[in-house]
Amino acid sequence: MKRSMTQQQPTQRQPATASEDLRSVDRELLSALRGGQSMTIGDLTDALGVTATAVRQRIDRLLSAGLIERQKEVAGRGRPTYRYGLTVLGHQRAGANPAELADAMWREIMAIEDAEVRDAVVAGVASRLGRQYLAKIRAIADDDDPVLSDLSLEERMKRLAGVLTGERIETDVRTLASNDLPVLDITACPYPSLTEAASHDRAMCRLEEQMLSEALGKQVQLSSCRLDGDDRCQFSASPETSDSVDDAKPKQQER
């Protein structure tokens with residue numbers, strides 16, 4: 001009896017973010033697949049104690065989200081069966097909540113006595129996060145979209161705001177009437193406990209400033225901060241970026 005397996009690729013979709021909500025029943029299915037072995041509908045029905053119809057509904061949602069993948073198993077002339085396993089993203093989502101680990105690591109970074117070493121580590125983290133957000137912006141771009149470098153700073157901010165909103169970071173983009181330049185507002189601190197741990201030297205503020213600059217491909221600076229009593233953290237174009245934006249604007253004819 002000849003047996004073969006062919007892998008079916010997940011349908012094309014926008015990438016799921018780490019903070020997207022999952023139903024508890026879907027998390028149960030992901031947990032059942034964490035052992036690394038692919039499972040059939042029957043296997044999952046037995047493991048979860050639910051009907052095959054319920055399993056299929058969960059599988060459809062998780063396939064659409066790109067969290068699991070399906071393999072077709074052909075044995076002789078009978079109907080093929082399918083086996084399901086976690087994708088790389090599925091393994092990430094099925095794992096433990098990394099919040100406590102992140103908190104502990106950040107506090108250890110803040111405890112580094114050598115300021116130069118500490119700042120270098122923070123800068124490295126900011127740069128890496130910025131590149132990750134930049135990759136997410138590019139991943140959701142349409143084929144007809146212009147090259148990111150051809151977009152205005154305001155359009156880049158809007159696209160980044162969309163990604164940040166998907167990460168549950170409350171973000172807004174608006175244009176200041178005083179200078180006609182865009183600003184990125186973060187209305188609620190995304191990392192309150194980490195910010196508090198580094199409030200003495202504003203390390204988290206510097207991290208966010210560098211992270212956003214890396215993601216935007218343009219230098220921005222923190223112009224308003226909640227730690228100073230403002231109602232939001234506001235990031236605006238740095239003087240160098242402002243000059244380049246002004247230069248890019250069409251000159252009005254002199255009369």
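FYI, side chains are in, hydrogens and waters are out, and symmetry mates aren't considered; it's all heavy atoms of this structure.
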J.: Looking at D26 and R61, what are the two nearest heavy atoms and their distance?
T.: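 So the two residues come closest at OD1-NH2, 2.8 Å.
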J.: List the atom pairs, donor and acceptor, that lie under 3.5 Å between side-chain atoms in residues 115-129 and the rest of the protein, sequence neighbours left out.
T.:
| from | atom 1 | to | atom 2 | distance (Å) |
| --- | --- | --- | --- | --- |
| R118 | NH1 | I112 | O | 2.6 |
| D119 | OD1 | R206 | NH2 | 3.1 |
| S127 | OG | R131 | NH1 | 2.7 |
| S127 | OG | E214 | OE1 | 3.4 |

J.: Please name all residues satisfying side-chain contact (heavy atoms from CB on, under 4.5 Å) with D231, sequence neighbours left out, ordered by chain then number.
T.: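 Residues passing side-chain contact (heavy atoms from CB on, under 4.5 Å) with D231: none at all.
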J.: When you measure from the side chain of D103 to the backbone N and O of E100, does any donor-acceptor pair fall under 3.5 Å?
T.: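 The answer is no, because no donor-acceptor pair under 3.5 Å joins these two groups.
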J.: Please report the shortest heavy-atom distance between L89 and A65, naming the atom on each side.
T.: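 Closest approach of L89 to A65, heavy atoms only: CD2-O, 4.1 Å.
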J.: Going only through I, L, V, M, F, W and Y residues with side-chain contacts under 4.5 Å, is there a path from L86 to L67?
T.: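 Same hydrophobic cluster.
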J.: Quick check: is L62 connected to Y82 through a chain of hydrophobic side chains (ILVMFWY, heavy atoms under 4.5 Å apart)?
T.: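 Yes, same cluster.
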J.: So do D228 and R202 actually touch side chain to side chain, heavy atoms under 4.5 Å?
T.: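 In short, these two side chains touch, coming nearer than 4.5 Å.
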J.: So, taking the atom named CD in Q221 and the one named OG in S213, what distance separates them when rounded to the nearest 0.5 Å?
T.: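 That separation rounds to 9.0 Å.
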J.: To the nearest 0.5 Å, how far apart are CD1 in I137 and CG in L216?
T.: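 One gets 6.5 Å once the value is rounded to the nearest 0.5 Å.
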J.: Say whether, by atom type as modelled, one donor and one acceptor occur between the side chain of T87 and the main chain of G66 under 3.5 angstrom.
T.: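 Side chain of T87 to backbone of G66: a pair is present.
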J.: Could you pull out every donor-acceptor pair under 3.5 Å between side chains of residues 45-58 and any protein atom, sequence neighbours left out?
T.:
| from | atom 1 | to | atom 2 | distance (Å) |
| --- | --- | --- | --- | --- |
| T45 | OG1 | I41 | O | 2.8 |
| T51 | OG1 | A54 | N | 3.2 |
| R58 | NH1 | V25 | O | 3.3 |

J.: Kindly indicate whether the side chain of L164, heavy atoms from C-beta on, has any atom under 4.5 Å from the side chain of Y133.
T.: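 Yes, close enough: below the 4.5 Å cut-off.
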J.: Using the side-chain contact (heavy atoms from CB on, under 4.5 Å) criterion, which residues pair with R232? Sequence neighbours excluded.
T.: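 If we apply the side-chain contact (heavy atoms from CB on, under 4.5 Å) test to R232, skipping adjacent residues, the hits are R174, D185, T187.
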J.: Can you measure from CZ (R107) to OG (S193) and round to the nearest 0.5 angstrom?
T.: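 Rounded to the nearest 0.5 Å, the CZ-OG separation comes to 6.0 Å.
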J.: Where do L33 and L44 land on the side chain to side chain contact (heavy atoms under 4.5 Å, CB included) test, with the steps shown first?
T.: CA-CA 9 Å; L33 293 170; L44 290 167; 4.2 Å; yes
J.: Linking I/L/V/M/F/W/Y whenever their side-chain heavy atoms sit closer than 4.5 Å, directly or via other members, would V183 and L160 fall into one cluster?
T.: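 Different clusters: V183 never reaches L160 through Ile, Leu, Val, Met, Phe, Trp or Tyr contacts under 4.5 Å.
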J.: Can you tell me how far the CD atom of Q132 sits from the NZ atom of K136, to the nearest 0.5 Å?
T.: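 Nearest 0.5 Å value for the CD-NZ distance: 7.0 Å.
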J.: So if you build clusters from Ile, Leu, Val, Met, Phe, Trp, Tyr with side-chain heavy-atom gaps below 4.5 Å, do L194 and L212 land together?
T.: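 The answer is yes; both residues are in one hydrophobic cluster.
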J.: Show the numbers, then the answer: is there a side chain to side chain contact (heavy atoms under 4.5 Å, CB included) between D43 and Y84?
T.: CA-CA 10 Å; D43 295 333; Y84 301 87; over 6 Å; no
J.: Quick check for you: to the nearest 0.5 Å, what is the distance between R83 atom CZ and Q37 atom CD?
T.: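 Interatomic distance, R83 CZ to Q37 CD, rounded to 0.5 Å: 8.0 Å.
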J.: Just to verify, what does D230 make a salt bridge (charged side-chain N to carboxylate O under 4.0 Å, His left out) with, not counting sequence neighbours?
T.: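 Applying salt bridge (charged side-chain N to carboxylate O under 4.0 Å, His left out) to D230 gives none.
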J.: Could you check E155, M157, R156, R159 and say which one makes a side-chain contact (heavy atoms from CB on, under 4.5 Å) with V173?
T.: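 When side-chain contact (heavy atoms from CB on, under 4.5 Å) is applied between V173 and each of E155, M157, R156, R159, only M157 qualifies.
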J.: Does any part of the side chain of L30, heavy atoms only, come nearer than 4.5 Å to the side chain of I68, both counted from C-beta?
T.: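 Yes; the side chains approach each other to less than 4.5 Å.
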J.: Identify, with sequence neighbours excluded, every residue that meets side-chain contact (heavy atoms from CB on, under 4.5 Å) alongside P190.
T.: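 For P190, the residues satisfying side-chain contact (heavy atoms from CB on, under 4.5 Å) (neighbours in sequence not counted) are I169, I186, E208.
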J.: For C233 and C225, work out which heavy atoms get closest and say how close.
T.: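 Result for this residue pair: SG-CA, 4.0 Å.
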J.: Quick check for you: to the nearest 0.5 Å, what is the distance between L181 atom CG and S223 atom OG?
T.: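 Rounded to the nearest 0.5 Å, the CG-OG separation comes out at 11.0 Å.
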